[in-house]
Visitor: 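Have a look at this one before I ask anything.
Heavy-atom basis, side chains included; hydrogens, waters and symmetry copies ignored. Keep in mind that what you see is a predicted model, and the values were worked out from it rather than measured. Each chain gets a letter, A, B and so on, in the order the sequences are listed, and its residues count up from 1.
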Protein chains: 2
Amino acid sequence: MTTLTPATAADRTGVSIDTLRYYEREGLIGPIRRSAGGRRQYTEDDLFWIGLVTCFREAGLGITDLRGFVAILRAEHPPQDRVAFLRERRASLEQRVAALCRAMEVLDEKIAYYS
Amino acid sequence: MTTLTPATAADRTGVSIDTLRYYEREGLIGPIRRSAGGRRQYTEDDLFWIGLVTCFREAGLGITDLRGFVAILRAEHPPQDRVAFLRERRASLEQRVAALCRAMEVLDEKIAYYS
DNA sequence: CTCGTATCTGGAGCGCGCTCCAGGTCAAGA
DNA sequence: TCTTGACCTGGAGCGCGCTCCAGATACGAG
């Protein structure tokens with residue numbers, strides 16, 4: 001199975017090497033497999049997971065939130081706990097969208113005023 | 001004209017006194033009128049403006065962004081500049097919404113999977 | 001084998017957005 | 001008048017999310 005160097009993984013994901021190591025330290029990804037000499041070897045699965053993390057980071061979730069997310073998806077929580085957790089997260093994202101929409105309404109109002 | 005103490009303004013806006021002073025230092029609000037003794041006297045207009053700032057902060061805009069917003073709305077920029085600026089801001093908010101939607105789609109997928 | 005580059009680790013540093021603190025001032029009630 | 005509490009200022013401190021650094025190690029090219 002082909003693996004990727006940190007540089008390649010960083011390039012493919014758009015996340016810096018330092019940040020990849022930081023995410024790993026924080027338990028958001030990995031632990032990434034190592035070569036005999038200790039160098040990280042990223043797999044395509046790792047990249048996919050990094051993509052998920054990035055997606056949530058871009059949506060504004062904090063590191064702690066993501067740690068919870070990772071824990072839920074990995075650990076042996078009963079399915080209903082997972083669903084409840086995921087719905088909670090979804091609701092908080094909806095609230096963020098609502099806040100954004102309020103701000104956009106204000107902007108639209110100002111735009112209309114100056115147009 | 002009736003004015004409000006810092007405590008009341010904080011209470012009415014949901015923004016802490018420290019943060020109100022911080023916003024004022026950063027030029028996001030005010031400058032707030034002072035009493036003879038130097039105490040701040042907030043007006044209803046001030047509260048309205050604080051509400052705007054809060055709205056944008058909740059939408060995730062940074063202090064620097066808001067300073068730009070304030071500058072545009074206050075200063076003598078030509079209307080077309082203002083409109084261009086406001087449209088730019090709106091576009092970046094739309095991108096945030098898009099990022100949130102992507103994250104929500106991932107969540108929905110997981111929710112469906114565990115349901 | 002040697003060189004040069006990539007990577008490793010632990011820890012320090014940084015920008016943001018507050019938040020808190022010390023030490024002093026103002027003002028309303030007893 | 002005296003007390004008490006809200007408020008003032010300047011500046012330090014803090015949590016987050018990286019980002020950078022030093023010094024050591026791995027490893028592919030020549």
Side-chain angles (χ1 to χ4, degrees), chain A residues 2-43 46-47 49-70 92 96 99 103, chain B residues 2-43 46-47 49-70 92 96 99 103:
Chain A
T2 145
T3 58
L4 306 170
T5 65
T8 311
D11 198 52
R12 289 267 304 274
T13 59
V15 177
S16 79
I17 294 181
D18 272 327
T19 301
L20 285 176
R21 288 196 290 100
Y22 169 67
Y23 284 173
E24 192 177 350
R25 268 203 306 279
E26 296 297 321
L28 269 46
I29 61 174
I32 305 299
R33 199 153 56 95
R34 303 300 187 97
S35 72
R39 271 80 206 286
R40 273 170 258 261
Q41 298 175 316
Y42 294 87
T43 66
D46 290 331
L47 289 212
W49 185 262
I50 293 164
L52 280 186
V53 168
T54 303
C55 174
F56 287 119
R57 284 293 301 122
E58 284 171 355
L61 274 76
I63 301 301
T64 306
D65 290 334
L66 262 72
R67 216 156 19 212
F69 186 75
V70 170
S92 86
R96 284 169 197 262
Chain B
T2 144
T3 58
L4 306 170
T5 64
T8 311
D11 197 50
R12 289 268 304 272
T13 59
V15 177
S16 78
I17 293 181
D18 271 329
T19 301
L20 285 177
R21 289 195 291 100
Y22 170 67
Y23 284 173
E24 192 177 350
R25 268 203 306 280
E26 295 297 320
L28 270 47
I29 62 173
I32 305 297
R33 200 154 57 96
R34 303 302 186 95
S35 73
R39 273 80 205 286
R40 273 170 257 261
Q41 298 175 316
Y42 294 87
T43 66
D46 290 330
L47 289 211
W49 186 261
I50 293 165
L52 281 185
V53 168
T54 303
C55 173
F56 287 119
R57 283 292 302 123
E58 284 171 355
L61 274 77
I63 301 301
T64 306
D65 290 333
L66 261 70
R67 215 155 22 210
F69 185 76
V70 170
S92 85
R96 282 169 198 261

Visitor: Among residues 50-58 of chain A, which residues get a heavy atom nearer than 4.0 Å to DNA chain D?
Guide: A:Arg57

Visitor: First locate atom CG of A:Leu47, then atom CG of A:Leu4, and finally report the distance between them rounded to the nearest 0.5 Å.
Guide: 5.5 Å

Visitor: For A:Ile63 and for B:Gln41, locate the closest nucleotide of DNA chain D by heavy-atom distance; then report the residue assigned to the nucleotide nearer the 5' terminus.
Guide: B:Gln41

Visitor: CG of A:Leu20 to CD1 of A:Ile50: how many Å apart, nearest 0.5 Å?
Guide: 5.0 Å

Visitor: Could you go through B:Thr8 and B:Asp11, starting from their C-alpha distance and side-chain angles, then the distance that decides it, and tell me whether this counts as side chain to side chain donor-acceptor pair (under 3.5 Å)?
Guide: CA-CA 5 Å; B:Thr8 311; B:Asp11 197 50; over 6 Å; no

Visitor: I'd like the 5' and 3' limits of the part of DNA chain C contacted by chain A, with heavy-atom contacts below 4.0 Å.
Guide: C:dA6 to C:dT9

Visitor: Minimum heavy-atom separation for B:Ile17 to B:Pro6, with atom names?
Guide: CG1-O, 3.9 Å

Visitor: Give, for atom CG of B:Leu52 and atom CD1 of B:Ile29, the distance between the pair rounded to the nearest 0.5 Å.
Guide: 11.5 Å

Visitor: CD1/A:Ile32 to OH/A:Tyr23 distance, rounded to the nearest 0.5 angstrom?
Guide: 13.0 Å

Visitor: Would the base of D:dC7 count as contacting B:Arg39 through its side chain, where contact means a donor and an acceptor less than 3.5 Å apart?
Guide: yes

Visitor: Roughly how far, to the nearest 0.5 Å, is the CD1 atom of B:Ile63 from the CZ atom of B:Arg57?
Guide: 4.5 Å

Visitor: With rounding to the nearest 0.5 angstrom, report the CZ to CG distance, B:Arg67 to B:Leu61.
Guide: 12.5 Å

Visitor: Taking DNA chain D as the partner, which of residues 5-28 of chain B come within under 4.0 angstrom of it by heavy atom?
Guide: B:Thr5, B:Pro6, B:Ala7, B:Ile17, B:Arg21

Visitor: Could you report the tightest heavy-atom contact between A:Leu28 and A:Val70, atom names first, then the distance?
Guide: O-CG2, 3.6 Å

Visitor: Between B:Arg40 and B:Arg34, is a side-chain contact (heavy atoms from CB on, under 4.5 Å) present by the stated rule, with each step listed?
Guide: CA-CA 4 Å; B:Arg40 273 170 257 261; B:Arg34 303 302 186 95; 2.8 Å; yes

